[in-house]
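Everything below concerns the one structure shown next.
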Amino acid sequence: MGSRSMVVAPLVAVAVLGCPDTGIVCREGTNRCGAGCADYSSDRRNCGGCGQACAVGQVCVAAQCVCQAGTTPCEGRCAVLSSDPEACGACGRSCADGLVCERGECKVACTAGLSIRCQDSCVDPSTDPANCGGCGNACQAGQRCVAGGCTSDLVVACFSSGQVAGLSASTLQRTPLASLGSGPAALASMQGVLLAADGLDRRLTQADVPPGELWRQLPARAIATGAVPNQLLVAQDLVYVVNAESGTLQVVRRGPPDGDAGLPLSTIQELVLGPNTFPQGLVKLGTSLWIPLYGGFGGAASDAGQRLVEVDVSTPTSPRVVSDVSLAGLDLRPFDGGSAAPRPWAITSRAGALYVALNNLDPDTYQPAGPGLLARVDPSTRAVQAIDLGADACLNPQWVARFGDGLAVSCGGRAAYTGPNFVLTAVERAGVVVLDAQDRRVATWSPTPPTCPDAGACPLFLPGRFGVKDARLFLADQNAGRLTVLELSDAGLVERRGPARNDALAVCPPNPTSGVANVSDVYVP
């Protein structure tokens, strides 16, 4: 038997010591490495330090090289038993010189229809994370190989640090942080290209993932949005953007391919919904978009919102408002006879009905003035029904989405802040509420903090948006850049990773000035 080594030599990085300053400023969570920046915590090419590359079959997790999912530890290496010629079918079973390993067997040549030869391994480049799209194109932690491209189950937007990161729903590993604009607020995708509505730059930015690489921003593809773009919706060759501060619906169209990376996008129309309307979300049913209008700040300006508008987009170049559903007449169940405004926020659809999360706030103080509510709207009759989520479990609903046969709602609760940087000091009645197919409350969860001698080491969890993948709910933290992972069982909502044990997934670094790390969106491609 001949001997060979499957370990690829470490990638060479340019030393930074003694180099002149090139003006590179690395964002939080990344470090200066050669001519750029690297995330030492999860970059397999720079794991724990610049130029410290992981071996074949390894990924970088918490700054340590570990075996990638689907590999087997063999004599100090991480082997893919189906294709490793030094461990073909089993550890220690080597193929003779000149033979290749395919599907765990030593052969003269690669014979399977999708296999290509990479050294003495026969691999499927459409699914092999170590040779994704071609020999040597290794995916990072938090990625898997799909159709020859490295992709993640979820993508997280880090508003406070201007970054995005991918996440594996099964291993819960995170990809290296990648810069994308200044403040990505909402994410979507079109033809494998990531779209990010940037709340600071007022741009719709794009990023793609070349084989074996990370998210790569495409600055030349960015187009302007209105002020505070808050949500994106992709429908075939169109992207709809709601711009909260501008009070507009922006219609963006994809043009014909031009040979460059990314998508040729251009704005074809912008519908003005009116001053102080502050549109927040949108959902599409048939040829209509349904958009909740939040209303302006303060009692008088709030009257421009508190309703749901239907926009006909059957002719995308001529969107028009065709109906208006008021939410002001709902019984908001105000506390102690106080004043409350619905403040419609997120929206989704289920079984032909519309569900709108109502913050239910005092119009002047912006504090919760009643229990968390959902408005259930019949789009055919415009009938509206209020669903009480329970003041014991939910104040200030933030996000609503389908979860199994029912719905999940995240609740921001009543939050207290202090100081010029608005340090979060208390949160009550925040969490998640789950409704069944009949809109009955069947489960709740609240972020119980662990016993912690140092409060700074156990920051409070402030729920925001969430994504649902493989029966798991990935809940964003708007305070300390984390994700809580929840599963629904007969016992209710079970916290798999979260604040109770102080093991929520750390995905976004804090802003160096404010100390806040806001996970602004959790997108499931």
Side-chain angles (χ1 to χ4, degrees), residues 154 156 167 169 172 280-281 343-348 350 355-361 368 370-376 386-415 424 426-450 459-505 507 518-524:
L154 303 100
V156 176
L167 188 76
L172 302 183
Q280 294 298 328
R343 294 295 186 187
W345 190 258
I347 184 171
T348 192
R350 183 180 65 82
Y355 291 85
V356 187
L358 306 181
N359 289 172
N360 200 6
L361 305 180
L373 301 173
L374 284 183
R376 184 185 188 277
I387 301 172
D388 190 340
L389 300 173
D392 61 321
C394 180
L395 298 178
N396 192 13
Q398 296 291 295
W399 199 247
V400 57
R402 283 175 283 188
F403 189 40
D405 295 331
L407 296 169
V409 185
S410 67
C411 309
R414 178 183 283 116
L424 183 66
V427 182
E428 61 173 321
R429 286 177 277 182
V432 174
V433 174
V434 176
L435 305 179
D436 64 12
Q438 287 73 46
D439 298 337
R440 298 172 301 197
R441 195 176 94 172
V442 293
T444 63
W445 171 87
S446 60
T448 305
L460 296 173
F461 195 99
L462 185 63
R465 298 188 183 190
F466 59 84
V468 174
K469 178 70 176 179
D470 298 336
R472 286 182 164 185
L473 188 149
F474 294 81
L475 177 65
D477 175 19
Q478 300 178 82
N479 180 49
R482 301 163 294 177
L483 291 180
T484 283
V485 184
L486 303 172
E487 289 182 359
L488 185 62
S489 69
D490 293 339
L493 277 173
V494 179
E495 182 180 308
R496 298 303 183 193
R497 296 285 296 271
R501 295 184 300 273
N502 200 29
D503 66 350
L505 302 176
V507 291
N518 181 1
V519 180
S520 51
D521 202 4
V522 183
Y523 174 65
V524 181

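Any value given below was found using the heavy atoms of this structure, including those in side chains, with hydrogens, waters and symmetry copies removed. Note that the structure is predicted; figures quoted are calculated from it, not measured.
Each of Asn518, Val427, Val519 was checked for a side chain to side chain contact (heavy atoms under 4.5 Å, CB included) with Leu462, and the lone residue meeting it is Val427.
Pairing each heavy atom of Val433 with each of Cys394, the nearest pair is CG2-CB, 3.9 Å. Taking each heavy atom of Val432 and Ala408 in turn, the nearest pair found is CG1-CB, 4.5 Å. Here the closest heavy-atom approach between residue Gly413 and residue Pro368 is recorded as O-CG, 3.9 Å. Smallest separation of non-hydrogen atoms from Leu374 and Tyr355: CD1-CD2, 4.2 Å. Residues Leu483 and Leu167 come closest through the heavy atom pair CD1-CD2, 3.7 Å. Considering all non-hydrogen atoms of both residues, Arg402 and Thr348 come closest at N-OG1, 4.4 Å.
To the nearest 0.5 Å, atoms CG (Leu395) and CZ (Arg414) are separated by 5.5 Å. Note that OH of Tyr523 and CZ of Arg465 are 13.0 Å apart. Values are rounded to the nearest 0.5 Å. With rounding to the nearest 0.5 angstrom, the CG atom of Leu358 is 11.0 Å from the CG atom of Asp388. Between atom CZ of residue Arg497 and atom CG of residue Leu505 there is a gap of 4.5 Å, rounded to the nearest 0.5 Å. We find the CZ-CG distance between Arg376 and Asp439 to be 6.0 Å, quoted to the nearest 0.5 Å. Rounding to the nearest 0.5 angstrom, the gap separating the CG atom in Asp470 from the CG atom in Leu473 is 12.5 Å.
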Original post:
Checking side chain to side chain contact (heavy atoms under 4.5 Å, CB included) for the pair Val524/Val468: CA distance, chi angles, key distance, verdict?
Top reply: CA-CA 7 Å; Val524 181; Val468 174; 5.8 Å; no
Original post:
Is there a side chain to side chain contact (heavy atoms under 4.5 Å, CB included) between Phe403 and Leu493 once you walk through the steps?
Top reply: CA-CA 12 Å; Phe403 189 40; Leu493 277 173; 4.2 Å; yes
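Remark: the backbone N or O of Gly498 is paired with a side-chain donor or acceptor of Asp503 at under 3.5 angstrom. Between the side chain of Ser410 and the main chain of Gly464, a donor-acceptor pair closer than 3.5 Å is present. Judged by distance alone, with hydrogens and angles left aside, the side-chain atoms of Asn360 form a donor-acceptor pair with the main-chain N or O of Pro371 at under 3.5 Å. Put simply, the side chain of Gln478 gets close to the backbone of Pro463: a donor and an acceptor are under 3.5 Å apart. The backbone N or O of Ala437 lies less than 3.5 Å from no partner atom in the side chain of Asp405, so there is not a single donor-acceptor pair. At least one donor-acceptor pair closer than 3.5 Å links the side chain of Arg441 to the backbone N or O of Leu389.
Between Leu424 and Pro459 the shortest side-chain heavy-atom distance does not fall below 4.5 Å. Annotation: side chain of Gln280 is not in contact with side chain of Val356 (no heavy-atom distance under 4.5 Å).
Every residue two or more places apart in sequence or in another chain that forms a side-chain contact (heavy atoms from CB on, under 4.5 Å) with Thr484 is listed here: Trp445, Phe461, Leu475, Leu486, Glu495, Pro499, Ala504. When the side-chain contact (heavy atoms from CB on, under 4.5 Å) test is applied to Arg440, the partners found at least two apart in sequence or on another chain are Asp436, Gln438.
Within the structure, salt bridge (charged side-chain N to carboxylate O under 4.0 Å, His left out) contacts touching residues 476-492 (residues at least two apart or in different chains) are Arg472-Glu487, Asp477-Arg482, Glu487-Arg496.
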